[in-house]
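Source: prediction; values computed, not measured. Each chain gets a letter, A, B and so on, in the order the sequences are listed, and its residues count up from 1.
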2 protein chains.
Amino acid sequence: LIKLEDIHKDYMLGKVKIQALRGVSLQINTGEMLCFMGSSGCGKSTLLNIIGGIDGATSGKVWYKDQELNRLNDKRLSRWRNQHLGFIFQNFNLVPVLSAYENVEQPLLLGKFSRNERKERVLAMLELVGMSEHIQHRPDQLSGGQRQRVAIARALVTQPEMVLADEPTASLDSTTGQQVLELMQKINETLSTTFVFSTHDYQVTEYAKRIVRLSDGLIEGVA
Amino acid sequence: LIKLEDIHKDYMLGKVKIQALRGVSLQINTGEMLCFMGSSGCGKSTLLNIIGGIDGATSGKVWYKDQELNRLNDKRLSRWRNQHLGFIFQNFNLVPVLSAYENVEQPLLLGKFSRNERKERVLAMLELVGMSEHIQHRPDQLSGGQRQRVAIARALVTQPEMVLADEPTASLDSTTGQQVLELMQKINETLSTTFVFSTHDYQVTEYAKRIVRLSDGLIEGVA
Ligand SMILES: Nc1ncnc2c1ncn2[C@@H]1O[C@H](COP(=O)(O)OP(=O)(O)OP(=O)(O)O)[C@@H](O)[C@H]1O
Ligand SMILES: Nc1ncnc2c1ncn2[C@@H]1O[C@H](COP(=O)(O)OP(=O)(O)OP(=O)(O)O)[C@@H](O)[C@H]1O
Ligand SMILES: [Mg+2]
Ligand SMILES: [Mg+2]
């Protein structure tokens with residue numbers, strides 16, 4: 001589904017160059033549940049952003065099926081993301097002025113869903129992440145873990161082909177975390193959705209069987 | 001050091017009343033390392049904000065030594081916080097336009113430190129949390145765990161009497177998390193600093209021996 005060839009990502013900070021990724025090659029197959037692990041600052045979020053076309057690589061190629069992502073212009077890239085991808089950001093990235101309901105509905109507004117279909121999907125997904133009692137809350141009226149669950153619901157509501165989840169359980173207690181992982185596993189089994197996680201939480205590795213360890217911008221080993 | 005008497009905290013959401021805390025009484029002694037645990041949405045952050053005078057309770061009293069916090073006006077409350085408290089927020093709350101160095105220096109600017117003293121303390125604290133190579137970075141140029149470590153350094157740099165840490169290891173891998181907890185334990189042993197954590201991470205409970213479980217805005221039991 002996804003193939004990365006020798007990906008490098010540099011950030012310039014004044015005159016200093018930060019090499020966030022220093023040559024990552026990887027293949028991800030349809031229906032896999034895979035997770036990246038590694039210390040804080042090793043490049044997990046950077047790698048997820050490049051797989052999802054949110055950030056461009058400094059060098060190297062990103063293939064989605066037989067399409068090279070780097071060749072798409074911004075407009076086609078964001079349409080590709082809306083049609084194929086669900087993204088759960090490390091800091092959730094919810095729209096502050098919209099309610100939980102409106103935040104989850106947002107990606108559906110770009111697709112071809114009727115108002116009733118949207119309502120059905122949004123309410124069902126908020127129920128599945130345990131947030132039915134908070135649909136009118138805005139992000140600043142929610143706890144950290146509640147915001148994270150709204151971000152998860154938003155990524156899953158379009159039933160995307162692939163979900164990129166950056167530390168999806170970081171703000172959740174282990175029971176709520178397990179509830180969310182069970183939901184993702186079920187979606188993976190019924191819809192063959194591909195999941196790529198980044199995590200520090202060992203509970204995630206009970207669901208994402210393939211672990212890719214990153215260290216200082218390089219893949220350490222594949223378990 | 002801190003005494004809470006029958007604390008209630010309600011949030012109004014339109015016509016709906018959310019009871020975040022429903023009668024919490026608690027005493028915290030000088031030099032303790034204590035942590036709140038409980039599911040997402042049970043009231044941990046709300047309780048920490050009330051202990052730290054960041055939020056007011058709807059009813060009930062908060063005592064710091066023999067001073068009732070609710071009686072202080074905003075100006076005296078924020079001066080009390082700057083002189084006695086270090087706060088690590090769940091979403092870090094770093095100032096986006098300032099570098100890591102400037103963010104950590106901020107609380108010292110309100111105190112009586114010379115420029116050299118400030119520089120010494122800021123660099124020492126950033127070194128202790130493993131962030132010496134990122135002092136010029138702004139928050140949007142840092143990884144999630146790197147931002148969290150800058151927030152931790154900022155809370156400790158004034159050597160406060162009490163540190164309130166809301167999920168301080170949520171974005172850290174276990175090695176980096178342990179490094180930070182070791183640092184806090186050392187500060188607790190050398191300076192008798194009181195630490196109050198909220199966490200979902202069992203590693204924290206190896207350091208914060210007293211666990212107070214919250215459930216739906218009430219204390220469940222004291223371990
Ligand atoms: N500003 C607000 N307005 C309305 N409701 C709020 C507000 N802040 C918090 N709440 C509600 O109060 C309850 C407790 O929130 P709190 O942030 O204290 O939970 P928490 O235990 O810290 O959860 P988490 O582990 O997810 O961070 C939640 O149900 C939340 O929706
Ligand atoms: N916009 C940026 N500008 C400069 N440097 C950056 C930028 N974004 C990330 N970096 C640097 O690139 C490196 C990798 O960052 P990344 O966010 O991918 O790490 P991570 O593995 O996700 O860490 P964490 O577990 O803390 O979230 C870090 O050292 C970080 O400082
Ligand atoms: Mg990250
Ligand atoms: Mg919280």
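A donor-acceptor pair is defined here as one N or O able to donate and one able to accept, closer than 3.5 Å; such a pair exists between the side chain of A/Ser25 and the backbone of A/Asp6. Judged by distance alone, with hydrogens and angles left aside, the side-chain atoms of A/Asn103 form a donor-acceptor pair with the main-chain N or O of A/Leu98 at under 3.5 Å. Panel note: side chain A/Gln148, backbone A/Glu167; a donor-acceptor pair is recorded below 3.5 Å.
In this structure, chain B has heavy atoms under 4.5 Å from both the backbone and the side chain of A/Ser171. At a 4.5 Å heavy-atom cutoff, the contact between A/Ser39 and chain B is made by backbone and side-chain atoms alike. At a 4.5 Å heavy-atom cutoff, A/Leu142 makes no contact with chain B through either its backbone or its side chain. With a threshold of 4.5 angstrom between heavy atoms, B/Ser40 approaches chain A through its backbone and through its side chain.
The choice from A/His137, A/Arg138, A/Gln146 that makes the most heavy-atom pairs within less than 4.5 Å of chain B is A/His137. Ranked by heavy-atom pairs under 4.5 Å with chain A, the list B/Ser143, B/Gly43, B/Cys42 is led by B/Ser143. Between chain B and the options A/Gly130, A/Gly14, A/Ala170, the largest number of non-hydrogen pairs under 4.5 Å is found for A/Ala170.
Atom CZ in B/Arg115 sits 13.0 Å away from atom CD in B/Glu120 (nearest 0.5 Å).
Within 6.0 Å of atom CD in A/Glu133, 12 or fewer heavy atoms from other residues, nucleotides or ligands are found, so the atom counts as exposed in its surroundings.
Aromatic ring pairs are classed by plane angle as parallel below 30°, tilted from 30° to 60° and perpendicular above 60°; the pair B/Tyr64 and B/Trp80 is perpendicular.
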